[in-house]
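Everything on this sheet refers to the single structure shown next.
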Amino acid sequence: MTLNQLKIGGSAVITSVGGEGALRCRLLDMGLTPRTRVTLRKVAPMGDPIEIQVRGYELTLRVDDARKITVREDREEVQA
């Protein structure tokens, strides 16, 4: 699944970061690296952008950029 498919309040772990060139570098520089836990906090009224929590801070991403980030659901959240 990709980051934009998470439900509000859902957590996941990043498995890969796609994109090319400057976009991929920008995503990695913002802390969106593999094995990092993210939580979807908010979605704008029109569905774009989304706000996630990553590494202790809130980050707003466009949905097109979130589609390039592959995640798997966090096991802790699934068991709860």
Side-chain angles (χ1 to χ4, degrees):
M1 87 188 297
T2 57
L3 185 55
N4 65 300
Q5 295 172 319
L6 274 179
K7 293 187 168 107
I8 294 175
S11 293
V13 176
I14 297 173
T15 56
S16 67
V17 179
E20 295 181 7
L23 173 62
R24 185 169 192 279
C25 288
R26 184 173 63 101
L27 294 172
L28 294 170
D29 287 345
M30 289 188 290
L32 298 170
T33 58
R35 296 185 298 277
T36 301
R37 185 171 182 242
V38 296
T39 304
L40 182 62
R41 291 289 181 207
K42 299 177 190 173
V43 177
M46 298 296 283
D48 193 10
I50 62 173
E51 181 180 292
I52 61 170
Q53 182 172 11
V54 59
R55 299 183 184 266
Y57 72 96
E58 280 75 36
L59 176 66
T60 303
L61 287 175
R62 293 178 295 183
V63 172
D64 285 343
D65 294 343
R67 283 188 184 117
K68 294 174 175 42
I69 301 168
T70 306
V71 297
R72 66 174 162 73
E73 284 191 284
D74 194 4
R75 287 181 226 151
E76 293 176 13
E77 294 292 324
V78 172
Q79 293 174 356

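It should be emphasised that the depicted structure is a prediction, and the values quoted were computed from it without experimental measurement.
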Q.
Check for me, please, whether Val17 and Leu59 land in the same ILVMFWY cluster - side-chain distances under 4.5 Å, paths through other members count.
A. yes
Got a list of side-chain donor-acceptor pairs under 3.5 Å for residues 39-48, not counting sequence neighbours?
from	atom 1	to	atom 2	distance (Å)
Thr39	OG1	Ser11	OG	2.9
Arg41	NE	Gln53	OE1	2.9
Arg41	NH2	Gln53	OE1	2.2
Asp48	OD1	Val63	N	2.9

Using distance only, find each side-chain donor-acceptor pair of residues 27-36 under 3.5 Å and give its atom names and separation, not counting sequence neighbours.
from	atom 1	to	atom 2	distance (Å)
Thr33	OG1	Thr36	OG1	3.0
Thr33	OG1	Arg55	NH2	2.7
Thr36	OG1	Thr33	O	2.9
Thr36	OG1	Arg55	NH2	2.9

Q: Measure the CG-CD distance between Leu6 and Glu73 for me, rounded to the nearest 0.5 Å.
A: 7.0 Å
Q) Under 4.5 Å between side-chain heavy atoms, hopping through other hydrophobics if needed: is there a path connecting Val54 to Val71? A) yes
Q) Taking only residues at least two apart or on different chains, which pairs with a member in residues 12-21 satisfy side-chain hydrogen bond (donor to acceptor under 3.5 Å, both in side chains)? A) Ser16-Thr70
Q) Given the rule that I, L, V, M, F, W and Y join up when any side-chain heavy atoms are under 4.5 Å apart, are Ile69 and Ile8 in one cluster? A) yes
(Q) Give me each pair satisfying salt bridge (charged side-chain N to carboxylate O under 4.0 Å, His left out) with a member in residues 57-67, each pair once, sequence neighbours excluded. (A) Arg26-Asp65, Arg62-Asp65, Asp64-Arg67
